[in-house]
Visitor: 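Dropping the structure in here first, questions after.
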Protein chains: 2
Amino acid sequence: MDGGEAVESAERGLLSERIRNALTDAIAAGDFAAGTTLDEQLLADRYGASRTPVREALRQLAASGLVEIRPRRGVVVAQFTPQRIGDMFETSAEVEALCARLATYRMTPLERGALIDLHDRSADSVATGDVDTYDRLNRAFHEALYAGTHNGFLAEQALALRERLAAFRRTQLRQGDRIHRSREEHGEILAAMSEGDGERAARRMRAHMLRAAAALGRYIAGPGAE
Amino acid sequence: MDGGEAVESAERGLLSERIRNALTDAIAAGDFAAGTTLDEQLLADRYGASRTPVREALRQLAASGLVEIRPRRGVVVAQFTPQRIGDMFETSAEVEALCARLATYRMTPLERGALIDLHDRSADSVATGDVDTYDRLNRAFHEALYAGTHNGFLAEQALALRERLAAFRRTQLRQGDRIHRSREEHGEILAAMSEGDGERAARRMRAHMLRAAAALGRYIAGPGAE
DNA sequence: TGTCACGTTTCCGTATACCAGATTGCCTTA
DNA sequence: TAAGGCAATCTGGTATACGGAAACGTGACA
């Protein structure tokens, strides 16, 4: 054979890292049906590597919940039932709400200013329908909130969680007027924060996240099926 | 030497798993000062294994944040500043509070009954000062709350977080009358839950966790120092 | 016909040896 | 003394091998 679809793109970085990314994409794209057992040797051949980096990549995927390792019985692709995806989104919503609450009480005036600036800047992209730009500003908005908690550990956890959900969220903002509503909701969260009402900011953030999740509810209706 | 302190205890299970546990304990106990670079071959010799399972164990530790991997420059023991430990405990407190709130609204009568039963059973161990038994019941209490959220993902996250902090919490309950106060606080949380007041249950849980963290505040004042 | 035991096969977990490349520390040189 | 170069060292990765546990298939027995 030609050595399979070797992971040559981005020759830099650790091989295990590249394999991890490739596997993440493959799983998210549905190349491996949920419940499939992944053979280490097969994957090694497929990516033109040896078992070692493949194993390493699989452990990392297990750590982020994409696969499940049953000792001595192989690695299986995790089941992403609608129930489970819902659980993940709810958890994300609650964590975001938590960050919003803490950030309300702890952000410095400078940080708050930067956050408002981000929000203002997003107006253009909404008007022009520039989803990519809005997506970037949206991410920046949420990450600014994480940082605003002044709790580095929580910020890391929130970010990791957000990235784990990114795979399911890709097409989210494309739907209807979701982008308008999203920005409006950001504004409402900011308003609560400006009033120093962390609890209300948290509630609005939770609603914001859950609404975003609902926006792709139909999309996740039957994802990992065969 | 005699081949090092081979990881013979608990002959069952994966070698990499046992090494991971040994390293976790060693790091938490301060055997490796923060910032130390860990030599794979040295560790392999120390635990009487080859580099392969050691590498695997180190990756797992990296995933749980105990060590940091700098590509091609080795693995270093993560810095656990009081600030960072504080951040972790705060995050844990907030997550526990979140679980308490959701569990209040979602537990079935059966689950609630089991929780109350757990609480009742802990009375004996408090009276006799049986810290180990109380520790077990305490863990069961919190895990019952996780399950009570009816959110499997959140439950997993909460449990993982709790276990990451376990290393820093070992001696916590031994201090003074902490065990009495701990049980009292559980009772107060239960009371709020029985009234269906999730918000109050959350506030009490948060306070409970933060108080527990404060109980070992002096202990973590200067942990990983030399 | 269903089930249980037994042998076979597959594949994971681990060991070992080795290599290339990067990093580091030391030593030489200007 | 500072800069530059060289050698030792260690990691990331490859290749290979092997014991053992789990899965699988087969055939005997109830």
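Chain A is the first sequence line, chain B the second, and so forth, proteins listed ahead of strands; every chain is numbered from 1.
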Visitor: Send over the distance from B/E56 CD to C/dA15 P, rounded to a whole Å.
Guide: 11 Å
Visitor: Report the residue (A/Q41 or A/E17) whose heavy-atom-nearest nucleotide on DNA chain D is the more 5′ of the two.
Guide: A/E17
Visitor: Measure from the side chain of B/S16, starting at C-beta and using heavy atoms only, and say which of C/dG13, D/dC10, C/dT14 lies closest.
Guide: C/dT14
Visitor: Whole Å only: how far is the CZ atom of A/R72 from the P atom of C/dC12?
Guide: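 Taking atom P of C/dC12 as the reference, CZ of A/R72 is at 12 Å.
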Visitor: Are any of B/R55's side-chain N or O atoms less than 4.0 Å away from OP1 or OP2 of D/dG12?
Guide: yes
Visitor: Check the distance between D/dG13's C1' and A/I19's CD1 and give it to me in whole angstrom.
Guide: 10 Å
Visitor: Toward the 5' end of DNA chain D, which comes first, A/S50 or A/P71, by nearest nucleotide?
Guide: A/S50
Visitor: Counting side-chain heavy atoms from CB outward, which of D/dT14, C/dT14, D/dT11 is closest to A/P53?
Guide: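 When the side chain of A/P53 is considered, D/dT14 is the closest of D/dT14, C/dT14, D/dT11.
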Visitor: For a quick check of understanding: with a heavy-atom distance under 4.0 Å over all strands, which category does A/R70 fall into, base, sugar-phosphate or nothing?
Guide: nothing
Visitor: Would you check if A/Y146 and A/E156 make a side-chain contact, meaning some heavy-atom pair closer than 4.5 Å?
Guide: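 A/Y146 does not reach A/E156 side chain to side chain.
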Visitor: Roughly, in whole Å, what's the span from CG in A/D39 to P in D/dA23?
Guide: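 Computing the A/D39:CG to D/dA23:P distance gives 15 Å.
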Visitor: A/E40 CD to D/dT14 P: how many Å, rounded?
Guide: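 It is 14 Å, rounded to the nearest whole Å.
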Visitor: Find the distance between CD (A/E111) and CD1 (A/I116) and round it off to the nearest 0.5 Å.
Guide: 12.0 Å
Visitor: Once you apply a heavy-atom cut-off of 4.0 Å, does A/L38 come out as touching a base, just sugar-phosphate, or nothing?
Guide: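 Answer is sugar-phosphate: A/L38 comes under 4.0 Å of backbone atoms only.
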Visitor: Any idea which heavy atoms bring B/E94 and A/L102 closest together, and the distance?
Guide: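 It is OE2-CD2, 4.2 Å.
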Visitor: Give the minimum heavy-atom separation between B/R20 and B/A57, together with the two atoms involved.
Guide: N-CB, 3.8 Å
Visitor: How do A/G74 and A/T52 order along DNA chain C: which one's closest nucleotide is nearer the 5' end?
Guide: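 Comparing both residues, the 5'-ward one is A/G74.
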Visitor: Over all strands shown, is A/L58 touching base, sugar-phosphate only, or nothing at heavy-atom distances under 4.0 angstrom?
Guide: nothing
Visitor: Is A/R106 paired with B/E90 through a side-chain N to carboxylate O contact shorter than 4.0 Å?
Guide: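 Salt bridge between B/E90 and A/R106, a charged N being under 4.0 Å from a carboxylate O: yes.
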Visitor: For a quick check, tell me whether the side chain of A/R73 and the base of C/dG13 share a donor-acceptor pair closer than 3.5 Å.
Guide: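 Answer no: no donor N or O sits under 3.5 Å from an acceptor.
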Visitor: Using whole Å, what does the distance between atom P of nucleotide D/dG13 and atom CZ of B/R59 come to?
Guide: 8 Å
Visitor: What integer distance in Å separates B/D45:CG from C/dA15:P?
Guide: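 About 12 Å, once rounded to whole Å.
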Visitor: Mind calculating the distance between CD1 (B/I69) and P (D/dT11) to the nearest angstrom?
Guide: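 Value for this atom pair: 11 Å.
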